[in-house]
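Single-structure report; data block below.
Being a predicted model, the structure only gives us computed values, none of them experimental.
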Amino acid sequence: MSRLSIIVRNKKRQVTVAKYAEKRKALKAAGDYAALDALPRNASPVRLRNRCQLTGRPRGYMRKFGISRVTFREMALNGKVPGVRKASW
């Protein structure tokens, strides 16, 4: 599966979660679990996964930068992340 298709799929899930957020909240408050079951699976915020914006990697995600640890290290070593220097002591 290509990196782009993974990122596009994750964006679609984000849109679906945002679309059904208010409806989910209202149904949950009312205790209507049958109607909650009828909503699409991707409407659940639990199914979202943080992914690297550049590579689509799901693991080792750094929230502050929005990229994975591998991509962060490469960019830091190339001097593309301002204020970051390799530690040595």
Show me, pair by pair, the donor-acceptor contacts under 3.5 angstrom made by side chains of residues 17-34, not counting sequence neighbours?
{"unit_1": "Asp32", "atom_1": "OD1", "unit_2": "Ala35", "atom_2": "N", "d": "3.4"}

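Hydrophobic cluster membership for Val81: Leu54, Met62, Phe65, Ile67, Phe72, Met75, Val84 (Ile, Leu, Val, Met, Phe, Trp, Tyr linked by side-chain heavy atoms under 4.5 Å, directly or transitively). Val46 belongs to no hydrophobic cluster, as no Ile, Leu, Val, Met, Phe, Trp or Tyr side chain comes under 4.5 Å of its own.
Within 6.0 Å of CZ in Arg47 there are more than 12 heavy atoms belonging to other residues, nucleotides or ligands.
Put simply, OG on Ser5 and NZ on Lys12 are 10.0 Å apart, with the number rounded to the nearest 0.5 Å.
In this view, Arg73 satisfies the side-chain hydrogen bond (donor to acceptor under 3.5 Å, both in side chains) rule with no residue, not counting sequence neighbours. Residues forming a side-chain hydrogen bond (donor to acceptor under 3.5 Å, both in side chains) with Asn10 (at least two apart in sequence, or on another chain): none. Looking at residues two or more places apart in sequence or on another chain, you find a side-chain hydrogen bond (donor to acceptor under 3.5 Å, both in side chains) between Ser68 and Thr71. The side-chain hydrogen bond (donor to acceptor under 3.5 Å, both in side chains) search around Arg51 returns none, not counting sequence neighbours. With sequence neighbours excluded, no residue forms a ring pair (Phe, Tyr, Trp, His ring centres under 6.0 Å) with Tyr61.
In this structure the side chain of Arg69 reaches within 4.5 angstrom of the side chain of Arg57, judged on heavy atoms. Taking 4.5 Å as the limit, some side-chain heavy atom of Gln14 sits within range of a side-chain heavy atom of Leu48.
Counting only residues at least two apart or on different chains, no side-chain hydrogen bond (donor to acceptor under 3.5 Å, both in side chains) pair has a member in residues 78-89.
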>> Before you tell me yes or no, could you show the steps for Arg41 and Arg13 under side chain to side chain contact (heavy atoms under 4.5 Å, CB included), namely the whole-Å CA-CA distance, both residues' side-chain angles and the distance that decides it to 0.1 Å?
In response: CA-CA 10 Å; Arg41 281 189 177 172; Arg13 281 190 180 161; over 6 Å; no
